[in-house]
Visitor: 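Take this structure, written in structure tokens, and hold onto it; I'll ask about it next.
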Amino acid sequence: MRVLGIETSCDETGVAVYDTERGLLAQTLHSQVAMHEAYGGVVPELASRDHVRRVVPLAGQALAEAGMRVGDLDGIAYTRGPGLAGALLVGASVACALAYALRKPAIGVHHLEGHLLSPLLSDPRPQFPFVALLVSGGHSQLFEVAGVGRYRLLGDTQDDAAGEAFDKTAKLLGLPYPGGPALAALAERGTPGAVHLPRPMQHSGNLDFSFSGLKTAVLTLARREAGASAPATLPESRKADIAREFEAAIVDVLAAKSLAALEATGLRTLVVAGGVGANRALRARLVREAGASGNEVFFPDLAYCTDNGAMIALVGALRLPNARADDFCFSIKPRWDLATLAAP
Ligand code: KG4
Ligand code: ZN
């Protein structure tokens with residue numbers, strides 16, 4: 001079974017072809033980072049318009065790379081939500097129009113299910129059941145994953161997501177958009193322990209997170225040293241020290257809660273997904289700690305950590321057996337709770 005996957009929930013247009021027998025056959029991606037850079041963040045209307053320009057050529061390119069024609073497809077998957085409404089509509093309408101023309105199923109995929117299952121695109125792939133740490137720009141959650149569509153929420157953020165904290169802190173230090181990777185790169189040049197920041201909720205006794213206080217702590221520290229209006233004017237080396245400690249604080253909390261989730265569920269496999277899963281310090285720490293306690297940890301390949309079409313095509317293929325080829329009405333879901341999904 002061959003499925004075309006279309007991702008347009010935010011600022012990346014991603015299209016891929018997944019074959020249930022041969023795996024990922026092709027994937028194409030266009031990042032809008034350069035376009036949004038001047039605004040310091042994603043401008044939703046610009047994002048939608050750019051998806052309109054890119055999605056059909058990228059789909060053509062993905063099919064060509066897979067050596068296929070549209071008629072060879074068995075289903076068309078698209079990101080139904082959560083995400084920016086206008087951006088989601090672009091992928092949904094293209095996918096459903098194509099499905100209608102081919103009389104094949106259109107499969108509306110939950111973006112976070114894509115992230116959650118993206119480690120299945122890598123080799124070796126994790127076996128169910130596992131604990132998943134989902135850390136993206138909008139989410140910091142721990143799930144017990146019993147199988148496809150069988151997700152139990154173990155812990156959630158009470159305020160900012162981990163990626164959001166990276167992005168906001170980077171912005172207040174005057175780093176370029178997108179902030180997360182910029183802050184992580186700067187952190188590599190900082191001195192460990194040169195400053196101290198709190199580890200919010202590390203010992204809270206539950207599996208929830210809170211990261212907004214960390215950003216405020218950075219602001220307070222930077223203002224004390226650089227003056228109220230100019231944290232961004234701190235010397236580069238000092239910013240690097242702060243970035244290093246900020247990253248260490250987030251990694252400490254994420255690692256502690258992930259290991260606690262393994263212990264609470266009695267599971268031995270941890271899967272990390274979402275954009276923050278690309279963070280090198282987090283990866284190194286989890287590999288070390290999980291290994292030391294006899295657990296296994298899986299990450300998606302770096303290309304599948306951030307938004308991409310491959311994870312949407314994969315979930316589309318997993319859900320294809322239950323999809324119908326007679327319903328081409330689509331509804332996007334800009335807000336959509338992952339725990340409400342059913343198994344296929
Ligand atoms: O999963 P993703 O591409 O989009 C969402 O669904 O949100 O995640 C994007 C988030 C952003 O907040 C970005 O700053 C963060 O992931 N991110 C990182 C790194 N690469 C991306 N955060 C820390 N370190 C990185 N290397
Ligand atoms: Zn995402």
Side-chain angles (χ1 to χ4, degrees), residues 5-14 16 29-33 36-37 40-42 44 47 78-84 87-88 91 109-119 121 132-141 157 160-173 175-190 209 211-212 214-215 243-255 271-286 299-312 314-315 334-336 338:
I6 301 177
E7 155 64 34
T8 63
S9 67
C10 189
D11 59 348
E12 253 111 23
T13 320
L29 187 77
H30 174 77
S31 167
Q32 302 177 355
V33 161
H36 297 297
E37 201 172 6
V42 178
Y78 63 95
T79 304
R80 189 177 188 194
L84 301 170
L88 290 168
V109 171
H110 195 296
H111 180 81
L112 296 180
E113 182 170 44
H115 277 304
L116 209 62
L117 300 182
S118 61
L121 289 163
L133 172 68
L134 185 63
V135 271
S136 69
H139 296 82
S140 294
Q141 297 176 318
T157 181
D160 291 355
E164 189 179 1
F166 264 97
D167 295 337
K168 287 180 175 171
T169 303
K171 200 166 188 175
L172 74 86
L173 289 177
L175 302 183
Y177 166 86
L183 193 79
L186 186 62
E188 293 193 4
R189 303 204 294 275
F209 306 96
F211 292 118
S212 74
L214 201 47
K215 168 199 65 198
R244 178 93 186 200
E245 173 67 1
F246 171 84
E247 183 180 67
I250 295 227
V251 168
D252 278 353
V253 175
L254 292 177
V271 162
V272 183
V276 183
N279 185 275
R280 281 205 244 170
L282 178 66
R283 285 180 170 239
R285 174 67 167 278
L286 287 175
F299 301 91
D301 291 345
L302 281 181
Y304 309 133
C305 273
T306 44
D307 293 347
N308 64 84
M311 65 186 193
I312 304 304
L314 167 74
V315 174
R335 289 175 167 275
W336 192 4
L338 183 65

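Note that ligands are numbered from 1 as they come in the structure, with each ligand's atoms numbered from 1 the same way. FYI, the numbering just counts along the sequence from 1. Please read these numbers as outputs of a predicted model, since none were measured by experiment.
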Visitor: Restricting to distances shorter than 2.8 Å, give the number of protein N, O or S atoms close to the Zn ion (ligand 2).
Guide: 3

Visitor: Side chains of T157 and E164: does their closest heavy-atom pair fall under 4.5 Å?
Guide: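 No - every pair of side-chain heavy atoms lies 4.5 Å or more apart.
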
Visitor: Working to the nearest 0.5 angstrom, can you tell me the gap between E247 CD and L214 CG?
Guide: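 E247 CD to L214 CG: 11.5 Å, rounded to 0.5 Å.
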
Visitor: Could you grab the distance from atom CG of L121 to atom CG of N308, nearest 0.5 Å is fine?
Guide: 7.0 Å

Visitor: Check whether any side-chain heavy atom of E37 sits under 4.5 Å from a side-chain heavy atom of P178, and report yes or no.
Guide: no

Visitor: Suppose we screen for ring-ring contact (aromatic ring centres under 6.0 Å, His included). Which residues come up paired with F166, at least two apart in sequence or across chains?
Guide: F246

Visitor: Under a 4.0 Å heavy-atom cut-off, which residues neighbour ligand 1?
Guide: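 Contacts of ligand 1 under 4.0 Å: H111, H115, S136, G137, G138, G163, F166, D167, G180, P181, A184, G274, G275, V276, A278, N279, C305, T306, D307.
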
Visitor: Hey, does H36 have a side-chain heavy atom less than 4.5 Å from the side chain of Y177?
Guide: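 Result yes, sub-4.5 Å side-chain heavy-atom pair found.
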
Visitor: Who passes salt bridge (charged side-chain N to carboxylate O under 4.0 Å, His left out) against R189, sequence neighbours left out?
Guide: none

Visitor: Rounded to the nearest 0.5 Å, what separation is found between the NZ atom of K215 and the CG atom of D167?
Guide: 11.5 Å

Visitor: Drop me the distance from E7's CD to E12's CD, to the nearest 0.5 angstrom.
Guide: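 Between atom CD of E7 and atom CD of E12 there are 8.0 Å.
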
